[in-house]
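Because only heavy atoms are used, hydrogens play no part in the values below, and waters and symmetry mates are left out as well, while side chains stay in.
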Amino acid sequence: MLEGATKVFAARNGDTVAFQDVNLSVHEGELLCVLGPSGCGKSTLLNTIAGLDKLSGGSVAVGGEPVAGPHFTRGMVFQDYALFPWLTVEENIRFGLDARGFKGDKQMIVADLVALTRLQGFERARPSQLSGGMAQRVALARALANQVEILLMDEPFGALDAFTRMEMQEEIVRIVKAQGVTTVFVTHDIDEALYVGDRVAIMSAHPGELRRVIPVPIAHPRDRVDPQLVRLREEVFTEFNLAHTREQYYHI
């Protein structure tokens, strides 16, 4: 998907390299987490896959086709939901279908996604009437409505409380696996990446470089205290040189 991908932002006081020479492939149907500290270019990387930003060097392709700009086959879910406050849940989910003039059975598609994301009973509610977790379910359903080839998620649970975040981590795995949709999920949360990801791509700090990709060979649903997850967490801590943080994490 990404070959030699580099992004540089030009400025009067000097260029800023967001990420450089990134080579990364995403397997069909997998949930790949991109993990790294703030400022490593994770979100910019996601924007280039979405076609919202252009690379300075290298290439990006989805399904063998070069990315030249935004396309309905690439769905994006943001941290802040980005729902239209004047539209109902159903109308928000249907928005992309309406915008591109889809002629199929929109009502059936919306009803199926309402059921999939467990939003029954809230079809006519507006975003102001929803909890954060429910609003993010609507954003996810809206992205999936176009039967996307790839789902791109940028820190989607960053604004949620800890309990809702854990619930949504379980839900995202259930939903994307049920849909079979290839997913790239950006996060700076180590536990989240290991809990939801089939593989975890680790980015270094600014400028962002791909350090390594770690497979997570544990079936879903996962136990958060699975010894295999604990060992993988140790690997990630070591990768980021977080020995001191690891001691605080385990209270030793």
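Not one N or O on the side chain of E65 forms a donor-acceptor pair closer than 3.5 Å with the backbone of G63. In this structure, the side chain of Q179 does not engage the main chain of V176 through any donor-acceptor pair within 3.5 Å. In this structure a side-chain-to-backbone donor-acceptor pair under 3.5 Å is missing from T6 to S56. With hydrogens and angles disregarded, a donor-acceptor distance shorter than 3.5 Å links the side chain of D189 to the backbone of D191. With N47 contributing its side chain and D53 its backbone, the two residues share no donor-acceptor pair below 3.5 Å.
Side-chain contact check for I93 versus V138: some heavy-atom pair is nearer than 4.5 Å. Residues R118 and R174 meet the side-chain proximity criterion, which asks for heavy atoms closer than 4.5 Å. The shortest distance between side-chain heavy atoms of L116 and L113 falls below 4.5 Å. Inter-residue side-chain proximity for V89 and L130 is flagged as met; some heavy-atom pair is nearer than 4.5 Å.
Contact record, G36 with F240: CA-CZ, 4.2 Å, taken as the closest heavy-atom pair. Of all heavy-atom pairs spanning V22 and M203, the tightest one is CG2-CE, 4.3 Å. Between V77 and A143, the shortest heavy-atom distance links the atoms CG2-CB, 3.8 Å. Heavy-atom minimum distance, E239 versus R211: O-NH2, 2.7 Å. Between L232 and P217, the shortest heavy-atom contact is CD1-CD, 4.5 Å. When all heavy atoms of N23 and G4 are compared, the pair lying nearest together is OD1-N, 2.7 Å.
Both V236 and V216 are part of a single hydrophobic cluster, where members link through side-chain heavy atoms under 4.5 Å apart. Residues V60 and M153 fall into different hydrophobic clusters, defined by Ile, Leu, Val, Met, Phe, Trp and Tyr side chains chained together at heavy-atom separations under 4.5 Å. By the rule that hydrophobic residues join a cluster once side-chain heavy atoms approach within less than 4.5 Å of another member, V26 and V196 end up as members of separate clusters. When hydrophobic clusters are built by joining Ile, Leu, Val, Met, Phe, Trp and Tyr residues whose side-chain heavy atoms come closer than 4.5 Å, directly or via intermediates, L140 is grouped together with I109. Under the 4.5 Å side-chain heavy-atom criterion for ILVMFWY residues, no single connected hydrophobic cluster contains both L32 and V173.
Taking CG of D112 as the start and CG of L144 as the end, the distance is 12.0 Å to the nearest 0.5 Å. L2 contributes atom CG, which lies 5.0 Å from atom CG of L45 (distance to the nearest 0.5 angstrom). In this structure, CG in L52 is found 8.5 Å from CG in L46, a value given to the nearest 0.5 Å. Rounding to the nearest 0.5 angstrom, the gap separating the CZ atom in R74 from the CD1 atom in I150 is 8.5 Å. For the atom pair S204 OG and E209 CD, the distance stands at 4.5 Å (nearest 0.5 Å). The CE atom of M166 sits 11.5 Å away from atom CG of L160, with the distance rounded to the nearest 0.5 Å.
For residues 152-169, the set of pairs meeting the side chain to side chain donor-acceptor pair (under 3.5 Å) definition, not counting sequence neighbours, comprises S43-D154, R137-E167, E155-H188, D161-T164, R165-E192, Q169-E192, Q169-R224. Residue pairs meeting the salt bridge (Lys or Arg N to Asp or Glu O under 4.0 Å) criterion with at least one member in residues 14-39, sequence neighbours excluded, are E30-R199. Contacts classified as side chain to side chain donor-acceptor pair (under 3.5 Å) and involving residues 80-89 (residues at least two apart or in different chains) are given here: T88-E91. Residue pairs that meet the ring pair (Phe, Tyr, Trp, His ring centres under 6.0 Å) test with at least one member in residues 118-138, sequence neighbours left out, do not exist here.
Heavy atoms from other residues, nucleotides or ligands lying under 6.0 Å from CD of E170 number more than 12.
Taking the side chain to side chain contact (heavy atoms under 4.5 Å, CB included) definition, one finds that V17 meets it with V8, Q20, P207, sequence neighbours left out. Checked against ring pair (Phe, Tyr, Trp, His ring centres under 6.0 Å), F95 has the following partners two or more places apart in sequence or in another chain: F84. Residues that satisfy the salt bridge (Lys or Arg N to Asp or Glu O under 4.0 Å) test with K42, not counting sequence neighbours, are absent from this structure. Partners of E235 according to the salt bridge (Lys or Arg N to Asp or Glu O under 4.0 Å) rule, which considers only residues two or more places apart in sequence or in another chain, are R212. With sequence neighbours excluded, the residues forming a ring pair (Phe, Tyr, Trp, His ring centres under 6.0 Å) with F185 are F157, listed by chain and number. Among residues two or more places apart in sequence or in another chain, the salt bridge (Lys or Arg N to Asp or Glu O under 4.0 Å) test is passed with R222 by none. Among residues two or more places apart in sequence or in another chain, the side chain to side chain contact (heavy atoms under 4.5 Å, CB included) test is passed with A193 by C33, L35, T187, V200.
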Could you list the donor-acceptor pairs under 3.5 angstrom formed by side chains in residues 66-73, with sequence neighbours left out?
unit_1: H71; atom_1: ND1; unit_2: T73; atom_2: N; d: 3.2
unit_1: H71; atom_1: ND1; unit_2: T73; atom_2: OG1; d: 2.8

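The side chain to side chain contact (heavy atoms under 4.5 Å, CB included) with V213 is formed by just one residue from the set L24, V34, I202; it is L24. Tested against L83 for a side chain to side chain contact (heavy atoms under 4.5 Å, CB included), the candidates Q136, R142, R126 yield a single pass: R142.
A cation-pi arrangement, defined by a distance under 6.0 Å to the six-membered ring centre and an angle within 45 degrees of its axis, is absent between K106 and F102.
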Practice task
Please lay out, stage by stage, how L194 and I190 fare under the test side chain to side chain contact (heavy atoms under 4.5 Å, CB included).
Solution key: CA-CA 6 Å; L194 292 173; I190 294 171; 4.1 Å; yes
Exercise for the section: Begin from the C-alpha positions of M1 and V62 and carry the test side chain to side chain contact (heavy atoms under 4.5 Å, CB included) through to its verdict. Expected result: CA-CA 6 Å; M1 175 181 287; V62 174; 4.2 Å; yes
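Of the charged side-chain nitrogens involved, none lies within less than 4.0 Å of a carboxylate oxygen, so that E234 and R231 do not count as a salt-bridged pair. D198 has a carboxylate O that lies under 4.0 Å from a charged side-chain N of K177, or vice versa, which qualifies the two as a salt bridge.
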